[in-house]
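Throughout, a chain's letter reflects where its sequence line sits, starting with A, and its residues are numbered from 1. Note: hydrogens, waters and symmetry copies are ignored here, and every other heavy atom, side chains too, is used.
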Protein chains: 2
Amino acid sequence: MTERMREPSGQTVGAGALLTILRHGQARTRAELVQLTGLARSTVSQRLDALLDQRWIVPAEEAISSGGRPAIAFAFNRNARLVLAADLGATHARLAVTDLASTVLVERAFDLAIDRGPEETLGWLVATFREMLAEIGHSVAEVCGVGLGLPGPVEHASGRPVNPPIMPGWDAFPVPDWLGARLGAPVLVDNDVNIMALGEHWAVRPETDHLIFVKVGTGIGCGIITERHLHRGAQGAAGDIGHIRVTSADDVVCRCGNVGCLEAVAGGAAMAVRLRQAGETAENSRDVVRLVRAGNTQAVQLIRQAGREIGDVLASIVNFFNPGVIVIGGDVAEAGEHILAGVREVIYSRSLPLATQHLGIRASVLGDRAGVVGAAVMVIEHVLAPEAVDLSVAG
Amino acid sequence: MTERMREPSGQTVGAGALLTILRHGQARTRAELVQLTGLARSTVSQRLDALLDQRWIVPAEEAISSGGRPAIAFAFNRNARLVLAADLGATHARLAVTDLASTVLVERAFDLAIDRGPEETLGWLVATFREMLAEIGHSVAEVCGVGLGLPGPVEHASGRPVNPPIMPGWDAFPVPDWLGARLGAPVLVDNDVNIMALGEHWAVRPETDHLIFVKVGTGIGCGIITERHLHRGAQGAAGDIGHIRVTSADDVVCRCGNVGCLEAVAGGAAMAVRLRQAGETAENSRDVVRLVRAGNTQAVQLIRQAGREIGDVLASIVNFFNPGVIVIGGDVAEAGEHILAGVREVIYSRSLPLATQHLGIRASVLGDRAGVVGAAVMVIEHVLAPEAVDLSVAG
DNA sequence: TCACTTATGGCGATGGTCAAGCAAAAGTTC
DNA sequence: GAACTTTTGCTTGACCATCGCCATAAGTGA
């Protein structure tokens, strides 16, 4: 049973809170921390000793000496632990080992058939992670957590997929238990779009509390961040904008059975179909991007129109949700400015001035690495949460 | 400087947390609280003494005695303080004095011209509140907070209106300072739609964490609650769904200058205009409701169609946000099932099954009292927040 | 009425934090 | 190299919230 000081505000200040200050700011001396927290010097020293014991922090370079003994600055130790992160798609996978600042240390991309089921897929995942750890000369013992993104709905609290349409055999599979037993670390699982949103939010942070990440790939989905947390909705189904109806496509039938879905006109698969109808060779969304980059007029017109359709849906969402930033990512977004131009065009003409005056609409800065970075961020925020750190230094 | 026990989970357990347990549950004995919190018996007793001193709790009836000395149960004292709540509209106002459980003790409705400016309006408000307090034989000293809803955008943190379109003279007026100086209690201000959402959420709680309240009056707006908190968005402009574009109205010009806005086809003012064009007598949204209730075919058709248009917009929002409950309120919603039927019809046909299977779509249960109840809830949640209670018992 | 059961209040013990002070360390300035 | 400045580590005593324990109060059942 430990006790804690309270700031005048009523906020507890433990070792975890101290670490949070060091993690989000730069290196700090003891005197600065006393100033910031209001704790006694001796208490700060004791907290720092506990954090040093667990290697969460390291002494950094010395501060400016103003004529006396220079103070030692302490900095967050991003190398204290390792994080395993994976972004599994329907046909591709990207794995990474990162440090505690989400910096990727090793990274690999693979072709992967996720429909082979959870045991085979996750078994391969464990083996590959072990290889990657060996490659950089680290052991599994240093891993503090595993983050995983899956291409379907996931109940985040339990980490189990729920009725995933494209992952046969994965329904309700206890991913965290299975992986945790083999890697000896906590495992966090979420939808792939959600972790991409986390990754992009990390990349633009701390600019905004309200971010919407739109993934335009084979289908279309989005991740919603509000007050620095993912919004998952009542059934965990939030962000499914691919099947919102758009005006100009009442005659198009979507794979979901409805007509006029956004995905059916602006999704990568739908665009590939249209290009094939126009005589081009286009199997999937990547081929669409290839054609756009090659300057194919049909493809450019198509993607520009897709941008407008997406912008139409987002214009409504901007009025409703008032985000600070919209990030467009996914395979198709790699076609560059064409799609973004369409989105901007419609949003700025349709949404209210108050909501758009400070709204940023931009392309993903992480590209196809958003998923693994987000998976790492998810783990890091969990492991380095003040309460978790307090427990770790108490044990 | 006070210190606090921590649960194994790392959560602090102070007097405020204890009060929260009593407030949301029923009366509890000391033994039950020991069980629930993990604190020592003596600590629980001390916390309860502090809460008794401040009259936050009262001893309740005795629990079942299982053959020994009967335990005293303690219950939240809803009469410990009073709350002043007001919902100011463009032309109407509703004032209430409530207890700490949001129960209305006195209530009055008035006609009010808010465009007379803040000083005159708020001066009248103070005088009327004093009258109402005298009426039930209580003094201003017992008031622990004032909640106020205004018909325009409000920066909640400062309580100041920001560029309100229909409140001349109110821009940036320091409402909390002005009222606080005269009533001697903290003042919280917010947009009227937001406080109505709070009120309705309170009415259905704890059924859902994610609620959307749609106000259909002269215009159309909505309040968004997620994880038991209002979502205000990056600029505080969230919920402005009245100017989302709907498909079937490309030719209708809205007062905002755009074409095809939801408000321009489904708002009360727009419907009144259409009824006038059809030869009926309809000045405002209340007249529309009157005609609907009278069974006027034109009006019924119009409102049913309005429901479908609103449903069209909400269907997109359901896919995006995945709320647990949608509540339809405001003047026009009092027309009853006609509007709700249209909304349900479209949402259930357009939104995804996963998002709609447990979705409740219902009419406001509080009606025109949603505003004052919500204003009271806003104050109560602020005053009875654990940290605030901890400070009050420490002082 | 008496034994039994259970809740309650008071007391000392425990342990973490704070404030203060001192000596040593590690620089700067002259 | 000496004087000065500032940080740091360590110790001490006081403080206070919490805990565990015990005597007492207040019922029940035979």
Side-chain angles (χ1 to χ4, degrees), chain A residues 1-8 10-18 27-53 57-75 390-391 393-395, chain B residues 1-18 27-53 57-75 386-387 389-391 393-395:
Chain A
M1 295 296 183
T2 58
E3 294 166 38
R4 285 294 145 59
M5 250 301 296
R6 305 195 117 214
E7 278 188 322
Q11 196 76 22
T12 57
V13 179
L18 226 57
R28 300 279 188 181
T29 66
R30 286 181 170 87
E32 288 172 325
L33 290 171
V34 167
Q35 190 85 7
L36 281 159
T37 60
L39 275 70
R41 217 182 41 195
S42 46
T43 310
V44 169
S45 279
Q46 191 216 340
R47 296 272 149 80
L48 291 177
D49 285 345
L51 291 173
L52 281 166
D53 276 353
I57 58 173
V58 285
E61 83 296 347
E62 318 202 333
I64 317 104
S65 164
S66 46
R69 173 175 175 170
I72 304 169
F74 296 91
D390 285 352
L391 288 177
V393 300
Chain B
M1 297 294 181
T2 57
E3 295 164 39
R4 284 294 145 60
M5 253 298 299
R6 305 196 118 213
E7 278 186 322
S9 71
Q11 196 75 24
T12 57
V13 179
L18 226 56
R28 300 279 188 183
T29 66
R30 286 180 169 88
E32 288 172 326
L33 290 171
V34 166
Q35 192 84 7
L36 280 158
T37 61
L39 273 69
R41 277 163 289 279
S42 45
T43 310
V44 169
S45 279
Q46 191 216 339
R47 296 273 149 81
L48 291 177
D49 286 344
L51 291 173
L52 282 167
D53 276 352
I57 59 173
V58 285
E61 82 297 348
E62 318 204 332
I64 316 104
S65 165
S66 47
R69 174 175 177 171
I72 303 169
F74 296 91
E387 310 81 47
V389 173
D390 285 352
L391 287 176
V393 300

A.B. asks: Check whether B/Asp390 reaches the backbone of B/Gly14 with its side chain - one donor and one acceptor, N or O, closer than 3.5 Å.
C.D. replies: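 Flag not set: sc B/Asp390 to bb B/Gly14 has no pair under 3.5 Å.
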A.B. asks: Would you say that B/Leu48 contacts B/Ile57 through its side chain, given a criterion of any heavy-atom pair below 4.5 Å between the two side chains?
C.D. replies: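 Side-chain contact under 4.5 Å: yes.
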A.B. asks: Show each protein N/O and nucleotides 5-9 of chain D N/O combination with a separation under 3.5 Å, one pair to a line.
C.D. replies:
residue	atom	partner	partner atom	Å
D/dT5	O2	A/Gly67	O	3.4
D/dT6	O2	A/Arg69	N	2.9
D/dT7	O4'	A/Arg69	O	3.2
D/dT7	O2	A/Arg69	NH1	3.1
D/dT8	OP1	A/Ile72	N	2.7
D/dG9	OP1	A/Arg30	NH2	3.2
D/dG9	OP2	A/Arg30	NE	3.2
D/dG9	OP2	A/Arg30	NH1	3.4
D/dG9	OP2	A/Arg30	NH2	2.6
D/dG9	O6	A/Arg41	NH2	3.3

A.B. asks: Would A/Val44 and A/Thr37 count as a side-chain contact (heavy atoms from CB on, under 4.5 Å) here? Give the steps.
C.D. replies: CA-CA 9 Å; A/Val44 169; A/Thr37 60; 4.2 Å; yes
A.B. asks: Mind checking whether B/Leu52 and B/Phe74 have side chains closer than 4.5 Å, heavy atoms only?
C.D. replies: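 With C-beta onward as the side chain, the pair touches.
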A.B. asks: Can you check whether A/Gln46 has a side-chain N or O nearer than 4.0 Å to OP1 or OP2 of C/dG16?
C.D. replies: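 A/Gln46 to C/dG16 OP1/OP2: no side-chain N or O under 4.0 Å.
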A.B. asks: Using OP1 and OP2 only, check whether a side-chain N or O of B/Thr43 sits under 4.0 Å from D/dC19.
C.D. replies: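 Looking at the OP1 and OP2 atoms of D/dC19, one of them is under 4.0 Å from a side-chain N or O of B/Thr43.
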A.B. asks: Output, in order, the C-alpha distance, side-chain angles, deciding distance and verdict of side-chain contact (heavy atoms from CB on, under 4.5 Å) for A/Leu39 and A/Arg47.
C.D. replies: CA-CA 10 Å; A/Leu39 275 70; A/Arg47 296 272 149 80; 3.2 Å; yes
A.B. asks: For B/Leu48 and C/dG10, give me the distance from atom CG to atom P, rounded to whole Å.
C.D. replies: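 Roughly 14 Å, once rounded to whole Å.
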